[in-house]
Number of protein chains: 2
Amino acid sequence: MASVANDFNEKQLEILQVAETLFAENGFERTSIRTIAKEAKINIAMVSYYFGSKEKLLEALVFYRTKDLRFEIENLSIEELEPMEKINRLIPLYINRINCNKGIYRILHYEITGSKNDLKLQILDDIRLKNLTAITAIIEEGQRKGIFRKDIIIPLITPTILGTFFHFYMNKHYFQNLLDLKTEIAFEEYIKTNLIQHIQQTIKSLLIYEN
Amino acid sequence: MASVANDFNEKQLEILQVAETLFAENGFERTSIRTIAKEAKINIAMVSYYFGSKEKLLEALVFYRTKDLRFEIENLSIEELEPMEKINRLIPLYINRINCNKGIYRILHYEITGSKNDLKLQILDDIRLKNLTAITAIIEEGQRKGIFRKDIIIPLITPTILGTFFHFYMNKHYFQNLLDLKTEIAFEEYIKTNLIQHIQQTIKSLLIYEN
DNA sequence: GTTTAATTTAAACGACTGTTTAATTTTTAT
DNA sequence: ATAAAAATTAAACAGTCGTTTAAATTAAAC
């Protein structure tokens, strides 16, 4: 069996990409190995052969999708920008990262809630903690400079940013009808403009409002 | 087979309650009829006998859990209160409603995304539209009185309120570790105080902030 | 008390699940 | 060309799933 720890060969990459799309469309549990195999035009035994199990396939997918992106936000907090500008850039970074990864984050956040604390959750916790550290640094910088209010519960900023996005994203059908976004492109465009703007506006208001 | 349309007998109610708890804990797909039957101390055939199918059991559950709550928010918007106070009361109403229903709303919002537009989604859409109408009325009242800013995307207010809550609620384990909320009671208490307060603060800032 | 209806049961159904086996083909190295 | 390793295959495995059946029990109606 090929190594899961570092790199993936072409066959593995194809399986990962097919699995990601199917997981995103139908969820982890609703997607069978047979469906993945059929879509990727491989034998059903190949998933076990290359990854060990369906569970480990998901773990590999999480690893594959997060390893390049883990330090993006950290780098941002180093840049020489005003705190509010940093936050403003952080939000589309967050959203696009999630939005471009076909829904793997949705699965991580909303499907693997009942399971035990195994590898894939450790990876997620790792990312979350690093992101929180970065955000905390930015906000505390803003507070020191007297720009941001000081009675903010910093760990609840991320739930507001991600939660707003996810709630919109997960209830796609409802919002497509409500906002008359008939095509996929119109929906994506609305996220990139109005939704991100709304979240930026929300966080900005929360941070710099003074009573 | 007993009628699903209106009322439920004692046996049905017990099944519904057991199913709700199990669905909330493990999700709809991960909960088997056999588990429900064992927990409710009934034969596995009784679910089909009383509800027709597992799918229809969920529909019945949604109906059962939403029929009493459908007009709560509408009533609020009629009361003689300042718009900001209405919003402030609306938020815990929202959160508690969801939080007291053992997670059925989580399933509705985050598990039934891939399925077709059948009955249970129609019920959900109905509730959502009524809630949106109520919120729109309140916000527009505040805008007319010159209290609220006018460049707000009203349909995105609900995603921020519910999304923040859900994201916190769904990532229970992570936040329990992060915020040192060891017991269930401590977690619930944090929601009722800090989380709700954070959401209220967020929405208030968003609504009344002026550049 | 007998008959009819409603409820409950154990067992089986067929379909699907993830995974493994053992044989076969293809690739690689010598 | 030959031997060893890797990749691929079809088939079967042991479970679980939701649902149905047909018989047994209980309740209700007359």
Q: Might you work through the side chain to side chain donor-acceptor pair (under 3.5 Å) test for B:Asn99 and B:Glu188, ending with a clear yes or no?
A: CA-CA 9 Å; B:Asn99 206 24; B:Glu188 290 293 322; 2.9 Å; yes
Roughly, in whole Å, what's the span from [atom1] in [X] to [atom2] in [N]?
| X | N | atom1 | atom2 | answer |
| --- | --- | --- | --- | --- |
| B:Phe51 | C:dT8 | CZ | C1' | 16 Å |
| A:Ile42 | C:dT19 | CD1 | P | 13 Å |
| B:Lys41 | C:dT8 | NZ | C1' | 17 Å |
| A:Met46 | D:dA10 | CE | P | 12 Å |

**Q.** Phosphate-side-chain proximity, A:Lys11 and D:dT8, N/O vs OP1/OP2 below 4.0 Å
**A.**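 Yes, because at least one side-chain N or O of A:Lys11 sits under 4.0 Å from OP1 or OP2 of D:dT8.
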(Q) Nearest 0.5 Å, please: how far is CD in A:Gln201 from CD in A:Gln197? (A)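 If I round to the nearest 0.5 Å, the distance is 6.0 Å.
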Q: Would you sort out whether A:Glu141 and A:Lys86 count as a side chain to side chain contact (heavy atoms under 4.5 Å, CB included), showing the intermediate values?
A: CA-CA 11 Å; A:Glu141 184 195 344; A:Lys86 282 184 185 174; 3.3 Å; yes
Q) Quick one: salt bridge (charged side-chain N to carboxylate O under 4.0 Å, His left out) partners of B:Lys41, sequence neighbours excluded? A)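 B:Lys41 satisfies salt bridge (charged side-chain N to carboxylate O under 4.0 Å, His left out) with no other residue.
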Q: For the residue pair A:Phe168 and A:Tyr190, categorise the inter-ring angle as parallel (less than 30°), tilted (30 to 60°) or perpendicular (more than 60°).
A: parallel
Q: Determine the interplanar angle of the B:Phe166 and A:His167 rings, folded into 0 to 90°, and report it as parallel if under 30°, tilted if 30 to 60°, perpendicular if over 60°.
A: parallel
Q) For nucleotides 12-22 of chain D, read 5' to 3', which letter fits each nucleotide if B means a protein heavy atom sits under 4.0 Å from the base, S means only the sugar-phosphate is that close, and - means neither? A) B----BBBB--
Q | Ionic contact status for B:Arg128 with B:Asp126, cut-off 4.0 Å | A |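 Looking at B:Asp126 and B:Arg128, the cut-off is not met.
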Q | Pi-cation contact, B:Tyr49 with B:Lys11 (under 6.0 Å, within 45°) | A | no
**Q.** All stems with DNA chain D, defined as three or more consecutive Watson-Crick or G-U pairs under 3.5 Å
**A.**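 Counting only runs of 3 or more consecutive pairs, the stems involving DNA chain D are C:1-30 with D:1-30.
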